[in-house]
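Below: the structure, in structure tokens.
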Amino acid sequence: MNLFTDIRTLVLEKLAEMEAEGALPAGLERGNVSVEPPRDPAHGDMATNAAMVLARPAGKKPREIAEVLAGKLGEDARISVADVAGPGFINLRLAPSVWQGVVKSVLETGRDFGRTAMGRGQKVNVEYVSANPTGPLHVGHARGAVFGDALASLLDFSGHEVTREYYINDGGAQVDVLARSVYLRYLEAHGQEVAFEEGTYPGDYLIPVGEALKEKVGDAYLGQPEDMWLGEVREFAIEKMMEMIRADLALLGVEMDHFFSEKSLYGTGLIEETLELLRGKGLIYEGVLEPPKGKKPEDWEPREQTLFKSTKFGDDVDRPVRKSDGSWTYFAPDIAYHYDKIRRGYDALIDVLGADHGGYVKRMKAAVAALSDGRVPLDIKLTQLVRLFRDGAPFKMSKRAGTFVTLRDVVEQVGADVTRFVMLTRKNDAPLDFDLSKVLEQSRENPVFYVQYAHARVCSVLRRAREAGIDVEDAALAAADLGRLDHEAELALARKIAEWPRLVEIAARTHEPHRIAFYLYDLASELHGLWNRGNEIPALRFLQEGDPATSQAKIALARATAVVISSGLAILGVTPVEEMR
RNA sequence: GGCCCCUUAGCUCAACUGGAUAGAGCGGCGGACUUCUAAUCCGCAGGUUGAGGGUUCGAGUCCUUCAGGGGCCGCCA
């Protein structure tokens with residue numbers, strides 16, 4: 001149930017009536033008639049812009065339409081007041097029974113309250129993390145992981161059929177570098193002195209991999225030429241790296257549905273097939289690119305390459321898919337990979353990438369538009385940098401021991417719940433400051449705590465009520481006399497709860513899970529506010545001594561709040577806590 | 001040189017994709033504990049939404065010019 005769409009439907013019905021009565025011309029476009037909460041609650045519970053939107057096409061004054069429409073809306077039992085304001089808004093105030101009904105509805109549907117069919121079962125593929133299998137995940141990957149995972153959950157909650165996917169870049173030159181680095185650690189494991197030169201990965205995390213390799217093959221690779229061991233060491237190393245990455249993700253509670261290997265594209269002919277498809281559309285040609293301006297590569301010289309005509313889809317220059325030496329660029333398998341996603345029947349694709357991949361957006365969108373003939377939308381969400389702090393001081397990232405930067409270190413330090421919530425307290429395209437000390441503070445300043453505390457407070461009330469012998473099962477609360485919830489402060493909380501389904505839709509439509517986190521903060525704030533008003537006005541306390549019926553009604557409201565908090569946290573992948581001690 | 005993102009209160013950030021008088025937290029000032037947990041709440045102060053121009057009933061939001069910050073710019077991913 002979504003009250004806002006319910007009332008919008010009512011508005012549309014009344015507009016149809018007006019049309020039938022000749023008060024409005026027939027066939028007006030009503031797509032942008034909206035019903036929203038007004039920015040200022042003093043204006044009412046909801047406002048519609050219908051009169052203003054229709055005034056021009058109807059050739060009437062906004063207020064003229066508004067007066068008639070407001071009169072008709074007032075006839076509905078759910079509307080207690082409908083009046084015209086400002087340039088032609090109609091402000092609606094809804095009857096208390098409507099808000100009481102929302103509370104009941106939450107208790108009846110539980111965590112599914114707010115679920116919507118908006119996605120209409122569309123198949124959506126969310127690709128995220130997709131870090132190179134050359135080392136442990138770092139904090140930046142953590143942000144992408146949390147964002148992508150929450151977005152996937154959000155889309156699921158809003159009626160989409162979601163696949164969580166990770167693309168393993170195991171086909172490029174960087175995995176050869178990995179293999180050589182592991183080989184060095186292998187030599188080291190055999191007691192040899194080694195030097196990590198430019199173009200190798202010196203990280204300690206490869207030491208155990210070198211040892212494991214020794215364990216596996218003994219001295220078989222010692223003193224052997226590279227082409228004898230490279231392939232097998234590469235396989236071995238990638239497997240170890242992916243084990244590590246999966247473990248890192250598991251630590252954060254991220255579980256992928258599908259890992260897609262770049263390497264698996266080679267030898268299947270899919271890359272060739274994809275490019276032939278594009279060639280058939282006249283989008284592939286042999287050519288020479290202009291040198292990039294501003295930056296002057298010393299070794300630049302014009303070379304003929306195979307190019308994709310991405311400029312036809314709004315890109316700045318055409319992009320190479322085959323290097324001058326005949327091998328693929330990284331872009332070629334990426335195109336094939338996205339073509340594979342299209343062929344798997346997704347209705348929409350989402351890629352979550354780090355902001356440093358911004359230059360990649362236009363060309364990938366161009367490729368997907370070309371391959372799907374514009375049928376399959378690709379949204380690319382870029383996650384900005386994470387800046388680590390401790391006690392307010394910037395935390396210098398250093399690979400030397402003592403200063404940690406990996407996902408694992410952060411999660412082990414502050415926990416998965418805290419990491420996830422904090423990562424979602426910023427828009428994806430805004431930089432994020434992550435203070436390792438502050439996120440553990442138990443104060444209002446820390447939104448994780450603040451929201452969790454609200455949930456715990458409700459649980460505390462439930463515990464006490466049970467001790468007092470009150471039935472606080474959801475079914476009992478739903479059946480309580482909710483008409484007793486008549487105080488303005490209580491209705492305000494119920495109104496906030498009523499916004500939840502609408503917020504889910506907006507967040508899902510915009511692909512912005514951070515909206516969930518902000519909403520939960522607001523909802524928690526409403527609850528804390530009501531709680532404290534119980535200090536001055538005892539009648540507002542949830543637990544009413546000697547009055548089980550009223551207690552049940554009030555507890556129903558508290559419980560409904562907790563259900564929505566818990567449902568929202570579930571989308572973010574955070575576990576609600578029942579007590580804070 | 002070009003492209004993308006960002007610029008909102010002293011600080012950190014929202015603002016429901018074009019709605020009414022731009023909102024929170026922190027910091028500052030002043031209040032509320034015999035309590036269902038004061039780990040919280042209430043009030044006050046704080047703004048030319050980086051600058052200019054445009055589109056319209058209406059702009060933080062869309063278009064445009066400019067300034068500042070970040071990212072990217074063939075054979076790395």
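We name chains A, B, ... by the order of the sequence lines, and we start the count at 1 in each one. Just so it is clear, the values below take in all heavy atoms, side chains as well, and ignore hydrogens, waters and symmetry mates.
Between the side chain of A:Asp433 and the base of B:U12, no donor-acceptor pair of N or O atoms lies under 3.5 Å. A donor-acceptor contact under 3.5 angstrom links the side-chain atoms of A:Asn91 to the base of B:A20.
Look at A:Tyr521 and the base of B:A24; the rings do not stack under the cut-offs of 5.5 Å between centres and 30° between planes.
For the P atom pair drawn from B:C75 and B:A59, the interatomic distance equals 46 Å after rounding to whole Å. For B:U61 and B:C6, the P atoms lie 12 Å apart once the distance is rounded to whole Å. Comparing the P positions of B:U21 and B:U49 gives a spacing of 14 Å, expressed to the nearest Å. Comparing the same atom, P, in B:G18 and in B:A24 gives a spacing of 23 Å after rounding to whole Å. Rounded to whole Å, the P atom of B:U8 lies 16 Å from the corresponding atom of B:G52. Only the P atoms considered, B:U17 is 24 Å distant from B:C4, to the nearest whole Å. Rounded to the nearest Å, the gap between the P atom of B:U7 and that of B:A51 is 13 Å. B:A22 and B:C16 have their C1' atoms separated by 14 Å, with the value rounded to a whole Å.
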Under the rule of Watson-Crick or G-U wobble with both distances under 3.5 Å, where | means paired to another strand and [ ] a crossing pair, RNA chain B maps to (((((((..((((.....[...)))).(((((.......))))).....(((((..]....))))))))))))....

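Residue contacts for A:Arg457: at a heavy-atom cut-off of 4.0 Å it reaches the sugar-phosphate backbone alone, with no base atom in range. If you check every strand for non-hydrogen atoms under 4.0 Å, A:His357 touches a base. Here A:Ala507 lies out of heavy-atom contact (under 4.0 Å) with every strand. Within 4.0 Å (heavy atoms only), A:Ala47 reaches at least one base atom of the nucleic acid. Among the atoms of the strands shown, none is found under 4.0 Å from any heavy atom of A:Arg533. Using a 4.0 Å heavy-atom distance criterion, A:Phe449 is classed as a base contact. Looking at heavy-atom distances under 4.0 Å, A:Asp325 makes no contact with the nucleic acid at all. Using a 4.0 Å heavy-atom distance criterion, A:Pro62 is classed as making no nucleic acid contact.
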Once base and sugar-phosphate atoms are separated, protein heavy atoms under 4.0 Å mark nucleotides 2-9 of chain B, 5' to 3', with B, S and - as -SSSS---

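Considering only side-chain N and O atoms, A:Tyr330 lies nowhere under 4.0 angstrom from the phosphate OP1 or OP2 of B:G74. Note on A:Arg464: a side-chain N or O is less than 4.0 Å away from OP1 or OP2 of B:U37. Look at A:Ser460 and you'll find a side-chain N or O under 4.0 angstrom from OP1 or OP2 of B:U37. Side-chain N/O atoms of A:Trp328 include none lying less than 4.0 angstrom from OP1 or OP2 on B:C75.
In this structure, A:Lys323 places its NZ atom 14 Å from P of B:G74, rounding to the nearest Å. Rounded to an integer number of Å, the gap from CZ of A:Arg387 to P of B:G71 is 11 Å. What separates NE2 of A:His528 from P of B:G25 is a distance of 12 Å, to the nearest Å.
Comparing A:Arg319 and A:Arg426 along RNA chain B, the residue whose closest nucleotide (by nearest heavy atom) sits nearer the 5' end is A:Arg426. Heavy-atom distances to RNA chain B give each of A:Leu540 and A:Tyr167 a nearest nucleotide, and the one nearer the 5′ end belongs to A:Leu540.
With no hydrogens or angles considered, no side-chain donor-acceptor pair links A:His357 and A:Asp351 at under 3.5 Å. Inspection of the A:His511 and A:Asp379 side chains reveals an N or O donor paired with an N or O acceptor under 3.5 Å. A donor-acceptor contact closer than 3.5 angstrom links the side chains of A:Arg484 and A:Thr550. A:Asp325 and A:Ser327 share a donor-acceptor pair across their side chains, judged by distance under 3.5 Å alone.
Heavy-atom neighbours of A:Glu286 CD from other residues, nucleotides or ligands within 6.0 Å: above the threshold of 12. The local environment of NZ in A:Lys323 is crowded, with over 12 non-hydrogen atoms from other residues, nucleotides or ligands closer than 6.0 Å.
Judged by the 6.0 Å and 45° rule, A:Arg319 forms no cation-pi pair with A:Phe308.
A:Tyr330 is linked by a ring pair (Phe, Tyr, Trp, His ring centres under 6.0 Å) to nothing, counting only residues two or more places apart in sequence or in another chain. Residues passing the salt bridge (charged side-chain N to carboxylate O under 4.0 Å, His left out) test with A:Asp356, sequence neighbours excluded: none. Applying the salt bridge (charged side-chain N to carboxylate O under 4.0 Å, His left out) rule to A:Asp45 yields the partners A:Arg93, A:Arg495; only residues at least two apart in sequence or on another chain are considered.
A:Tyr453 and A:His528 have their aromatic ring centers within a separation under 6.0 angstrom.
For A:Phe518, taking side-chain heavy atoms from C-beta onward, the closest of the listed nucleotides B:G19, B:C41, B:C13 is B:C13.
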Protein N or O to nucleotides 16-18 of chain B N or O, pairs below 3.5 Å:
from, atom 1, to, atom 2, distance (Å)
B:C16, O2, A:Arg502, NH1, 2.2
B:C16, O2, A:Arg502, NH2, 3.2
B:C16, N4, A:Pro37, O, 3.4

ask   = Checking side-chain hydrogen bond (donor to acceptor under 3.5 Å, both in side chains) for the pair A:Tyr167/A:Asp334: CA distance, chi angles, key distance, verdict?
value = CA-CA 9 Å; A:Tyr167 180 64; A:Asp334 274 1; 3.2 Å; yes

